[in-house]
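The next block holds one structure in the form of structure tokens; read it before the comments.
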Amino acid sequence: MGSILFKAIAGMVVGAAVWAVFEPSNPGFFADGYESWEKWLAICWALFLGATIGFMNGYTRGSKTHAWKECGLCAMFAVIGLLTARPIASPFAHFINPHGSIIANIVPRTISIAIIGAGMGFGIGMGTFVTRRGVQGLIGGVIGGAIAGLLFDFVATSTAGILLTANNVKTGVEGDVGAVARALTGVILCGAIALMIGIIEALSRSAWLRLELGRNEGKEWVLDKATMLLGRFERADIPLFGDQHVVPQHAIIQKQGSQYVVMDQGSPIGIAVNGNRVQQAVLSPGDVLQIGSFNLRFLVRNMKAPNRGPEPNRNNAYAMGSVPTQYPQHPQQPAASSQLMTPSQMAMQQQQMGQQHLQPTMMNPPMGQPQMQPTMMNPTVMNQPYGQLDPTVAVPAQGGFQPTMAVQTGMTTLVATDGPLAGQRFPLNMPIELGRECQQVPMGFDSSASRKHARIEPAGMFVNVSDLGSTNGTFVNGQRVTNATANNGDIVKVGATNFRIESS
């Protein structure tokens, strides 16, 4: 709401500033050059209002390129909209009589200024080349223009005496009494158009992304285009700067009917939804999309995130392709339905079928890690077709660490019990470090974790837990520790994420 009010105040300042520059050159209402002067006054209102709103809208996207591009386009289209609307408003303006009553002038003046406001607002909205925003601007312009038109004659009449006295003129027939009314018209018209455009945009948005972790936290992007590009690109619809792992064209979000589908565009580190790496996935309200170090929450108007317990392998990767119509097949698993399902629905279906808990695999590394290639150390992967891989998040190799295709008997495993990693398992066959910048367990989403938070290493039938000087501390069964030994079933808390020690 604060950004909407700020936009309205900026519009009011523009209206007042343009009037203050033009009013000293006013030839007078009864002079021959008044109509041309008034036309240029309106053009400048449209020009600078469009430039201001366009720049603010572009800047909120997080890109200077967007800001200057929309600044120029919205200014140009606002002037075009105004010049298009003036001939339509002109017939109503002819019914305005300077010597007539207030009541007689209210209707034609209100209609006339409302049409001009509609043209300006529609042009500002169409400066983004999104028809929906053009309609929003048109509605905002009509409302703003109508308010200005309703008040014009009341203000002109109430201030006429002061202006006539100041100009040493006895009657309004001899002098112009509309200076204050014109100033108020500019302030109200520009401010109301900016305000109503902001309000209508906020009320009419149906789905949007909110940045919850990363540079410019709290920024929001409305998903109002059929396809929206995300990445480290100045002209991306959702630009994500500050992380070199994010490529210029990293992912897209497509609107398919009533659903929104996120698709990886072949980026080295990939994308994840709720902590699980995917090629493409249907977004559900409340889902967290992870791209590099950025967490973006998907929100839908009047829809809340479902109440989910820990679900293993939520948001499993879909098969490669432009439309996610089927899922990768698992051995002894019947073919999935061609109907598009959300990741949560898929997980429920897997549980109903009695599918065993899937383990981390080699071919789907977590966020921030390149895809692992088959080697002589893992010949099973070389002989296994893509369609038979477990589409889950892998534990990447680091420092000679070799993840296995399944948790072996006698192995100690770290199991995430909550948060985006809920249900995922990480074998402890060598020491691992946890933190936002540690790659063995993808915790970039956890703002409570330090960059290098804790170290966990196997020690026979137990594991040693060591804090690495973290800000918020490391806990074992609720007790803050610096160095401790954890047993089977103990809970280790790192940042805001809990992990259970399991020995099989």
Side-chain angles (χ1 to χ4, degrees), residues 7-27 33-61 65-93 109-149 152 182-198 200-201:
K7 190 179 295 184
I9 293 173
M12 295 170 67
V13 171
V14 167
V18 171
W19 170 84
V21 172
F22 267 75
E23 189 62 33
S25 63
N26 180 8
Y34 179 81
E35 185 175 349
S36 176
W37 176 87
E38 187 182 48
K39 175 182 176 180
W40 281 105
L41 173 64
I43 288 176
C44 286
W45 273 335
L47 179 68
F48 288 99
L49 178 64
T52 300
I53 295 180
F55 184 87
M56 294 176 68
N57 285 342
Y59 188 77
T60 57
R61 296 173 184 267
T65 299
H66 277 295
W68 289 113
K69 176 185 175 182
E70 292 193 23
C71 174
L73 288 174
C74 290
M76 180 179 69
F77 277 89
V79 173
I80 294 174
L82 170 70
L83 296 178
T84 303
R86 276 181 65 86
I88 302 174
S90 181
F92 296 96
R109 195 184 300 277
T110 299
I111 296 175
S112 176
I113 300 180
I115 292 174
I116 291 175
M120 292 170 58
F122 181 74
I124 293 172
M126 288 305 298
T128 59
F129 298 104
V130 178
T131 304
R132 180 178 179 180
R133 294 185 184 177
V135 174
Q136 294 168 352
L138 184 146
I139 297 173
V142 168
I143 296 174
I147 295 173
F152 184 93
R182 280 190 295 272
L184 188 64
T185 297
V187 170
I188 293 177
L189 180 62
C190 295
I193 289 176
L195 176 65
M196 296 312 302
I197 286 177
I200 293 171
E201 284 180 352

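Residue numbers count from 1 along this sequence.
More than 12 heavy atoms of other residues, nucleotides or ligands sit less than 6.0 Å from atom CZ of F22. With a 6.0 Å radius and a threshold of 12 heavy atoms from other residues, nucleotides or ligands, F55 has its CZ atom above the threshold.
For G15 against C190, the heavy-atom pair with the smallest separation is CA-SG, 3.8 Å. The two residues F77 and G127 have their closest heavy-atom pair at CD1-CA, 3.9 Å. Taking all atoms of both residues into account, the shortest heavy-atom contact from I116 to A89 is CG1-CB, 4.0 Å. Nearest heavy-atom pair, V18 versus C44, reported as atom, atom and distance to 0.1 Å: CG1-CB, 3.7 Å. Summarising the geometry of V187 relative to A16, their closest heavy-atom pair is CG2-CB, 3.7 Å, with the distance given to 0.1 Å. Across every non-hydrogen atom of G186 and W45, the tightest pair is CA-CZ2, 3.2 Å.
Rounded to the nearest 0.5 angstrom, M126 CE and T131 OG1 are separated by 4.5 Å. Interatomic distance, F92 CZ to I113 CD1, rounded to the nearest 0.5 Å: 13.0 Å. Atoms CH2 and OG1, from W19 and T185 in turn, are 11.0 Å apart once rounded to the nearest 0.5 Å. Between L184 atom CG and L189 atom CG the span is 10.5 Å, to the nearest 0.5 Å.
Using a 4.5 Å heavy-atom threshold, the side chains of L83 and K39 count as touching. The shortest side-chain heavy-atom distance between L73 and E70 does not fall under the 4.5 Å cut-off.
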Applying side-chain contact (heavy atoms from CB on, under 4.5 Å) to N26 and R182, what does each step give before you reach the verdict?
CA-CA 11 Å; N26 180 8; R182 280 190 295 272; 2.7 Å; yes
Under the side-chain contact (heavy atoms from CB on, under 4.5 Å) criterion, do I53 and C74 qualify, and how do the steps go?
CA-CA 8 Å; I53 295 180; C74 290; 6.0 Å; no
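Not a single donor-acceptor pair under 3.5 Å links the side chain of S90 to the backbone N or O of R86.
Between M120 and the choices V79, L138, L47, I193, the side-chain contact (heavy atoms from CB on, under 4.5 Å) rule is met once, by I193.
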